[in-house]
2 protein chains.
Amino acid sequence: MPHEPADLDTVLGKAVTILRAFTVDDQVLSLAELVRRTGLPKATVHRVAGDLVTNRLLDRTNLGYRLSGGLFELGMRASVERSLLELAMPFLQDLYERTHETVHLGVREGHDVVYVAKIGGHRQAKTPSRPGGRMPVHCTAIGKILLAFSDPEVQQEVLSSPLERRTPHTIVAAGLLERQLNAALENGVAFEREESAVGLQCVAAPVLAEGGDRALAAISVTGPVGRFRPEAHVTLVRAAAQGLSSLASRRRSLSS
Amino acid sequence: MPHEPADLDTVLGKAVTILRAFTVDDQVLSLAELVRRTGLPKATVHRVAGDLVTNRLLDRTNLGYRLSGGLFELGMRASVERSLLELAMPFLQDLYERTHETVHLGVREGHDVVYVAKIGGHRQAKTPSRPGGRMPVHCTAIGKILLAFSDPEVQQEVLSSPLERRTPHTIVAAGLLERQLNAALENGVAFEREESAVGLQCVAAPVLAEGGDRALAAISVTGPVGRFRPEAHVTLVRAAAQGLSSLASRRRSLSS
DNA sequence: GATCACCGTACCGGTCAGCGGGACGCTGGG
DNA sequence: CCCAGCGTCCCGCTGACCGGTACGGTGATC
């Protein structure tokens, strides 16, 4: 389940429900739309949204409400993502410069991967991912490598839940997926071939925690079928991920 | 004023007060520390922080509280910053690849510049800026160019307020600053020479709104005195900023 | 230009979520 | 041993929050 109900009997619960009603590609939502999405009474949304505006978490435009810059600031202070991002940037940078293909950094959250960074040039392949966005673990290279280097129980959790089909190539058979995960664990790389979007392929390698058997995050390179062969970039991606791993384990940035 | 009091007689106000108690380089704050910073009663902080945890805006660790990954996700959905970032990345990317110096993207908020993106390699100069962080407008190249392309009233507002001295080179005389702003407006570039941090220099150019007389954002290149001469990069920075300007004005991403 | 659907805004009295002073147990340092 | 500082919990008071309802504006449809 994406995220549980969030207590609607409390102001705070209503507030975050409203905030979370915005998806990655909503620019601005009208009051009515917020009412529709949240299921809250109109008067309530009106009031709470107003409070959110005075508290600078929302902006008011003549078209409706929109997540504010203050929220962006706050989000960038989230310790784990922030320090991961700062450590990772130089590596992602290098990787991009050597490949000139789209480079991703992501972490796992439940059954999804959350993208922490995405860098690409003017001619980048049109990927469905966005920084701060989510994708199901089972249909992306990043997701697979993260899952391969997760606790067996969460791995099993995902394998035993229904696997949404995103494209004709999406792997929906748990058995096949499990074999790929084992291979990924063995090789330290995972692949994706048009499983999240038609026309795209991807390689990913894990950023490992101290012990070396759990992934903190993962790095990937994505490109269009045709000019791009995932196998050709295995070494580079792996090198970047390993470099970051060893740098990260020399710092504190983990735990729960 | 950075941000006004935020109504403390409301749950929401207390909640954001607690969230904003975290600065860019706080990893984790104890309950007691939060009490100290917010001035709220201990019992209240304890309860509200608890609520924030159940609503996934804070994480609980054995050392204290910390801004959660959910908050990061939310922040990345802030429309203005997000779309700006997406449009800008390829340009920042190019700029970095041609200079191999630290590249920034920033917007103005009140008397501060807020950094939206920062990219640099392994050998980057050690800058005080961080993505999501703030710096005073008057002591950075980005800040100066943003101010030069702002409404005259806000420009005057800043000029007539006390200018904090950050380094021995920080410009604290309003007259001198004003002359630099005029020059910046004329040339479409601003410079900074060790005014925010000793040993660093910087060039910045504006990302202009449709009309061409107001800046939406600004791009800069920063490097260490010695190997780095700001003048040498004027053309590149300006080109990147102009490219982004024309791209941005072909989209909707402005207003208040 | 009348009707209607849908929007954003405003009102207002009942009630329960939120409040915070204070007490408690734990820990570590002097 | 004591004390300072921490996190947690209790509990009765009260005003912040609630949301049904009503109102004015705006655009499409006939």
Side-chain angles (χ1 to χ4, degrees), chain A residues 3-23 26-68 71 79 252 255-256, chain B residues 3-23 26-68 71 79-80 252 254-256:
Chain A
H3 38 91
E4 39 260 39
D7 191 358
L8 293 186
D9 288 352
T10 172
V11 216
L12 219 58
K14 292 182 228 279
V16 317
T17 301
I18 290 177
L19 291 178
R20 291 206 222 273
F22 289 81
T23 71
D26 294 317
Q27 294 277 12
V28 31
L29 295 182
S30 68
L31 178 60
E33 182 61 23
L34 283 173
V35 170
R36 234 169 279 124
R37 296 195 186 192
T38 59
L40 294 170
K42 183 164 58 161
T44 303
V45 174
H46 182 254
R47 178 171 37 82
V48 177
D51 292 349
L52 285 170
V53 169
T54 69
N55 284 108
R56 305 155 145 278
L57 295 183
L58 286 183
D59 283 341
R60 192 72 226 263
T61 73
N62 39 15
L63 297 163
Y65 301 92
R66 139 185 107 179
L67 298 179
S68 80
L71 199 56
S79 60
R252 290 289 143 261
S255 85
S256 88
Chain B
H3 38 91
E4 41 260 38
D7 190 0
L8 293 186
D9 288 352
T10 172
V11 216
L12 219 57
K14 292 182 228 279
V16 318
T17 301
I18 290 176
L19 292 179
R20 291 206 222 273
F22 289 80
T23 71
D26 295 315
Q27 294 276 13
V28 32
L29 296 182
S30 68
L31 177 61
E33 182 60 23
L34 284 172
V35 170
R36 236 171 278 124
R37 296 195 186 193
T38 59
L40 294 169
K42 184 165 56 162
T44 303
V45 174
H46 182 254
R47 179 170 38 81
V48 177
D51 292 350
L52 285 170
V53 170
T54 66
N55 284 108
R56 306 155 143 275
L57 296 184
L58 286 183
D59 282 342
R60 191 71 225 259
T61 73
N62 39 15
L63 296 164
Y65 300 92
R66 142 183 104 180
L67 298 180
S68 79
L71 200 55
S79 62
V80 182
R252 291 290 143 260
L254 19 109
S255 84
S256 88

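A note on names: the letters A, B, ... follow the listed sequences, proteins ahead of strands, and every chain is numbered from 1.
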J.: Working to the nearest 0.5 angstrom, can you tell me the gap between A:I18 CD1 and A:L31 CG?
T.: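 Those atoms lie 8.5 Å apart.
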J.: I need the minimum non-hydrogen distance between A:R20 and B:N55, along with the two atoms involved.
T.: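 Heavy atoms only, the tightest pair is NH2-O, 2.6 Å.
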J.: Sugar-phosphate atoms are those with a prime plus P, OP1 and OP2; base atoms are the rest. Using that split, label each nucleotide of nucleotides 16-22 of chain C B, S or - for protein heavy atoms under 4.0 Å, 5' to 3'.
T.: -SSBBB-
J.: Answer yes or no: is there a side-chain heavy-atom contact under 4.5 Å between A:V35 and A:L40?
T.: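 The answer is no; the side chains never approach within 4.5 Å.
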J.: Report, one pair per line, the protein and nucleotides 25-30 of chain C atoms (nitrogen or oxygen only) whose separation is under 3.5 Å.
T.:
none

J.: To check you understand the geometry: which heavy-atom pair defines the closest contact between A:L12 and B:A15, and what is its length?
T.: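 Closest heavy-atom pair between A:L12 and B:A15: CD1-CB, 3.6 Å.
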J.: With a 4.5 Å heavy-atom cut-off, do A:Y65 and A:V28 have their side chains touching?
T.: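 SC-SC contact between A:Y65 and A:V28 ruled out.
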J.: Over all heavy atoms of both residues, which pair between A:T44 and A:K14 is shortest? Give the atoms and the distance, please.
T.: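 Reported closest heavy-atom pair: CG2-CD, 3.6 Å.
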J.: Take the C1' atoms of the five end pairs on each side of the helix from C:dG8-D:dC23 to C:dG30-D:dC1, derive the two axes, and give their angle rounded to 10 degrees.
T.: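 About 40°, once rounded to a multiple of 10°.
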J.: Are the side chains of A:F22 and A:L29 in touch, meaning some heavy atoms are under 4.5 Å apart?
T.: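 A side-chain contact under 4.5 Å exists here.
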J.: Applying side chain to side chain contact (heavy atoms under 4.5 Å, CB included) to A:R56 and B:V16, what does each step give before you reach the verdict?
T.: CA-CA 9 Å; A:R56 305 155 145 278; B:V16 318; over 6 Å; no
J.: What pairs meet the side-chain hydrogen bond (donor to acceptor under 3.5 Å, both in side chains) rule with one or both residues in residues 30-39 of chain A, with sequence neighbours excluded?
T.: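 Residue pairs passing side-chain hydrogen bond (donor to acceptor under 3.5 Å, both in side chains), neighbours aside: A:D26-A:R37, A:E33-A:R36, A:E33-A:R37.
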J.: Which residues pass the salt bridge (charged side-chain N to carboxylate O under 4.0 Å, His left out) test with B:D59, sequence neighbours left out?
T.: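 Applying salt bridge (charged side-chain N to carboxylate O under 4.0 Å, His left out) to B:D59 gives B:R66.
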J.: Considering only residues two or more places apart or on different chains, which pairs with a residue in residues 40-51 of chain A satisfy salt bridge (charged side-chain N to carboxylate O under 4.0 Å, His left out)?
T.: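 The answer is none; no pair qualifies.
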J.: How close or far is atom C1' of C:dC7 from atom CD of A:E33, stated in whole angstroms?
T.: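 In whole Å, C:dC7 C1' and A:E33 CD are 13 Å from each other.
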J.: Provide the start and end nucleotides, 5' to 3', of the part of DNA chain D that has atoms under 4.0 Å from heavy atoms of chain A.
T.: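 Contact span on the strand: D:dC17 to D:dG20.
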J.: At under 4.0 Å, does any side-chain N or O of A:H46 touch on OP1 or OP2 of C:dG8?
T.: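 A:H46 to C:dG8 OP1/OP2: no side-chain N or O under 4.0 Å.
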J.: Determine, step by step, whether A:L19 and A:L58 satisfy the side chain to side chain contact (heavy atoms under 4.5 Å, CB included) criterion, reporting the C-alpha distance in whole Å, the side-chain angles of both residues, the deciding distance to 0.1 Å, and the verdict.
T.: CA-CA 8 Å; A:L19 291 178; A:L58 286 183; 3.8 Å; yes
